[in-house]
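Just so it is clear, the model here is predicted, and its values are computed rather than measured. All values below come from the heavy atoms of this structure, side chains included, with hydrogens, waters and symmetry mates left out.
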Amino acid sequence: FDRVYGTTRSGKEIENVHTVQFDSYEDIRDVISSCTHILTTIPPIEAENTTNTTFIGEQPRNWSHFCDPVFNNPSLRLHEIAKPNTWIGYVSSTSVYGNHDG
């Protein structure tokens, strides 16, 4: 790869990585438009106002919807920003998120 970008919450520099502040959506938008590959490993958050109740047999079940807090931002619509044929991957294993005592 010619260049590797990564987001950071702390602003800490990472060797051989061009860092972008986690909540700097304009900068992220600019970076995405130049990427050929995107890998997101951020843990999902519960989306607001998205709990649904469904029934399994006679028992009601509440289901929450979770989303990526960066890519769920309305200004970051990947299909509008990313180049055609951009590879996009999502790591869903919780082991990459660290210990949160849960």
Original post:
Which pair of heavy atoms, one from Tyr90 and one from Leu39, lies closest together, and at what distance?
Top reply: N-CD1, 4.2 Å

Original post:
Which heavy-atom pair separates Ile28 from Gln21 by the least distance, and what is that distance?
Top reply: CD1-O, 3.9 Å

Subject >> CG on Leu78 to CD1 on Ile32, rounded to 0.5 Å >> reply: 5.5 Å

**OP:** Would you indicate whether Glu80, at its atom CD, is surrounded by more than 12 heavy atoms from other residues, nucleotides or ligands within a distance under 6.0 Å?
**Re:** yes

**OP:** Determine the minimum heavy-atom distance between His37 and Thr86, stating which atoms define it.
**Re:** N-CG2, 4.2 Å

**OP:** Kindly state each residue pair satisfying ring pair (Phe, Tyr, Trp, His ring centres under 6.0 Å) with at least one member in residues 2-32, sequence neighbours excluded.
**Re:** Tyr5-His18

Subject >> Spatial distance of atom OG1 (Thr7) from atom CG (Asp27) [nearest 0.5 Å] >> reply: 11.5 Å

